[in-house]
Number of protein chains: 2
Amino acid sequence: MSTINDVSRLAGVSKATVSRVLSGSRGVKEASRLAVLKAVDELNYRPNVIAQSLLSQSTGCIGVICAHENINQTTSYLYVLEKHLSQHQKHLLLRFANTKSAVLHALEELNCGLCDDILIIGARFPLDIDQENVILVDCMEAENVNSIQFDHAFAAETACNYLISQGRRQIAMIQPQGSGFADQVLLGYKHALEKNFLPFNRNLVFLEATSSSVALQELLNNAATLNFNALMVADEHEAQHIIPQLQAFNKSVPDDIMVFSLGGSLQLPGVPVIPAIEYPIEAMAVRIVNWLTEKTQDMLGTQLMRGDLFIPDVRRKASR
Amino acid sequence: MSTINDVSRLAGVSKATVSRVLSGSRGVKEASRLAVLKAVDELNYRPNVIAQSLLSQSTGCIGVICAHENINQTTSYLYVLEKHLSQHQKHLLLRFANTKSAVLHALEELNCGLCDDILIIGARFPLDIDQENVILVDCMEAENVNSIQFDHAFAAETACNYLISQGRRQIAMIQPQGSGFADQVLLGYKHALEKNFLPFNRNLVFLEATSSSVALQELLNNAATLNFNALMVADEHEAQHIIPQLQAFNKSVPDDIMVFSLGGSLQLPGVPVIPAIEYPIEAMAVRIVNWLTEKTQDMLGTQLMRGDLFIPDVRRKASR
DNA sequence: CTGTTAGCGCCTTCAT
DNA sequence: ATGAAGGCGCTAACAG
């Protein structure tokens with residue numbers, strides 16, 4: 001790799017002039033400007049970003065630590081994030097970490113000059129971090145200033161309302177252990193019931209379920225008395241586990257039981273499409289990039305991010 | 001962030017001594033060693049990797065450009081790669097790029113001092129790159145020295161043999177346009193037929209299919225005469241598109257038609273599990289990391305990577 | 001054993 | 001308009 005010295009020598013000017021030409025060339029004689037450009041082209045010179053980083057004290061690298069349990073959930077995040085970051089000449093440095101210690105370890109490794117800022121996404125365990133350049137996205141227990149959180153109560157309320165509007169008044173709910181949002185979800189769930197003058201049945205609700213399978217079995221064992229006709233689960237992944245089990249018990253989806261995902265739908269080919277709350281990843285990415293570039297407005301933590309209600313289009317079921 | 005100067009000042013030694021203590025401290029008086037360590041701890045000092053990189057001319061960053069069409073395919077790659085890379089203190093710099101120009105653009109941006117080496121994964125378009133520090137993984141037309149390629153002919157042959165062993169002698173095949181491996185796959189397919197003394201029926205094979213849907217329709221329209229009972233498709237994604245369409249035509253899978261994926265199975269919950277050729281990602285990651293760290297053995301291009309035959313365990317169908 | 005010196009490649013004053 | 005010099009934070013060679 002050729003350096004600025006090579007260029008300056010070949011062009012017969014000083015390093016300073018080369019630098020000037022390459023960064024907003026103003027106050028440079030046209031002749032030397034051309035000489036520099038020619039030398040640059042000849043040597044195929046590209047300024048070393050590391051040296052620039054050392055000087056500017058910023059690398060343009062954003063560390064992204066994916067703490068989500070199931071990786072498929074993160075894929076769409078990553079794709080959208082990378083798109084927005086690269087549009088702003090920022091680089092995405094990827095890390096996976098499923099436990100608190102793993103996250104902290106990754107944080108340590110990334111946070112020693114390599115990354116300007118760090119995103120932690122989808123952690124389902126408490127994470128007492130309070131660094132200025134770290135922002136938590138969809139993590140639990142983030143009283144931190146820098147965080148983007150989802151409005152799970154609102155999601156649950158919307159979901160209930162939708163289900164009720166579809167004639168489903170016996171709504172069961174399973175939240176896996178350690179989701180971290182059980183109380184918020186329960187709040188929204190209860191709100192919706194209250195507003196619709198429906199009673200709250202404790203036996204329909206499984207918060208902190210060790211196994212969603214077992215919770216489902218318990219629901220099914222009491223199906224005769226509970227008589228539930230809708231089931232809210234945490235995310236698409238859960239839903240796709242649950243649905244075959246319902247079918248195995250001769251419950252058709254959605255006719256007998258409508259399954260609703262509170263955490264987005266993957267919409268992969270081959271899997272049944274179900275109604276869901278879909279969090280606007282694009283909008284989130286925009287908010288993140290804004291914060292990364294502006295750094296002034298701390299509009300991150302001010303308001304919870306609300307998802308959209310996604311309803312499967314039955315007509316398009318078979319099409320691509 | 002505190003620098004080595006702060007530490008040396010606080011510890012009352014020179015920068016050099018600090019550096020010595022932190023990197024394989026030998027030949028340092030115990031007293032000053034402890035003083036340095038104390039100062040380091042007090043200031044919470046961590047050496048700036050950028051400055052180190054400038055000196056060592058290597059950043060420990062590996063650029064990974066995902067050129068796969070469908071992102072879900074890349075997720076498992078990324079996860080495994082990141083695991084192996086971070087174990088070797090290397091960082092994964094992620095980029096998505098679906099077109100040749102996008103890949104070249106990303107390459108340009110990553111290849112100016114930021115990344116030591118760059119991986120391009122799953123490009124389905126020709127990519128005439130010949131840089132020492134770039135390695136192509138599962139890309140088409142990689143006569144390049146640095147590449148890991150999959151043995152698609154072997155995969156097709158294995159697939160056919162398996163299908164024939166299952167009593168499926170009328171094997172259809174759909175390869176999407178621009179997969180880049182159509183000829184290799186065809187080779188393996190023909191080999192298997194020959195070795196089993198089966199005739200080759202041109203109408204069963206769709207290479208360079210603009211739309212796999214249309215190809216399937218053509219197959220189904222001629223189902224009476226073709227009478228096919230197996231169908232090989234490029235990957236799981238294709239398979240999950242195809243299967244509902246088969247079912248819509250009252251063909252049951254796998255009873256009437258066994259669908260086989262030549263490019264791995266995602267094994268997501270909710271989607272039917274089908275037989276497939278599964279490429280050993282872990283082994284691939286090991287090979288890649290070996291090359292990145294050793295750089296000596298060019299065992300990358302020497303042999304094609306062969307996949308394993310994956311057969312769904314029917315008994316476990318309903319379990320997690 | 002330890003401090004001084006000289007750069008890694010770049011950019012930014014400060015003179016000229 | 002342009003060159004020389006200094007320094008970003010660190011390490012390696014060279015003296016002591």
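In this text, all values refer to a predicted model and were calculated from it rather than measured experimentally. A note on names: the letters A, B, ... follow the listed sequences, proteins ahead of strands, and every chain is numbered from 1.
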When you measure from the side-chain N and O atoms of [X] to the phosphate of [N], is any distance below 4.0 Å, counting only OP1 and OP2?
| X | N | value |
| --- | --- | --- |
| B/T17 | C/dG3 | yes |
| B/Q52 | D/dG9 | no |
| A/T3 | C/dG9 | no |

Could you give the [atom1]-to-[atom2] distance, from [X] to [N], as a whole number of Å?
| X | N | atom1 | atom2 | result |
| --- | --- | --- | --- | --- |
| A/K15 | C/dC10 | NZ | C1' | 7 Å |
| B/L55 | D/dC10 | CG | C1' | 6 Å |
| B/I50 | C/dC11 | CD1 | P | 15 Å |
| B/E30 | C/dC1 | CD | P | 10 Å |
| A/Q57 | C/dC11 | CD | C1' | 13 Å |
| A/L54 | D/dG6 | CG | C1' | 13 Å |
| B/L34 | C/dC1 | CG | C1' | 15 Å |
| B/R20 | D/dC14 | CZ | C1' | 11 Å |

Among the candidates [options], find the nucleotide nearest to the side-chain atoms of [X].
| X | options | result |
| --- | --- | --- |
| B/A16 | D/dA13, D/dA4, C/dC10 | D/dA13 |
| A/N48 | C/dC10, D/dC10, D/dT2 | C/dC10 |
| B/S19 | D/dA4, D/dT11, C/dG9 | D/dT11 |
| B/I4 | C/dT2, D/dG9, C/dC10 | D/dG9 |

Please compare A/S32 and B/S2 by the position of their nearest nucleotide in DNA chain D and report the one closer to 5'.
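Residue closer to the 5' terminus by nearest nucleotide: A/S32.
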
Could you point out which residue of A/I288, A/V286, A/L292 forms a side-chain contact (heavy atoms from CB on, under 4.5 Å) with A/N290?
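That would be A/V286; it is the only one of A/I288, A/V286, A/L292 passing the side-chain contact (heavy atoms from CB on, under 4.5 Å) with A/N290.
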
Got more than 12 heavy atoms from elsewhere within 6.0 Å of NZ, B/K38?
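No, not enclosed.
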
Donor-acceptor contact present, side-chain A/S19 to main-chain A/K15, <3.5 Å:
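Between the backbone of A/K15 and the side chain of A/S19 there is no qualifying donor-acceptor contact (under 3.5 Å).
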
Any ion pair linking A/K90 and A/D117 (charged N to carboxylate O, less than 4.0 Å)?
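The answer is no: the pair does not qualify as a salt bridge.
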
Could you tell me if A/T75 and B/T75 have a donor-acceptor pair between their side chains, going purely by distance under 3.5 Å?
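A donor-acceptor contact under 3.5 Å links the two side chains.
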
Let me know, please, whether A/A51 or B/R33 comes out on the 5' side of the other along DNA chain C by nearest nucleotide.
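Its nearest nucleotide lies further toward 5', so the answer is B/R33.
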
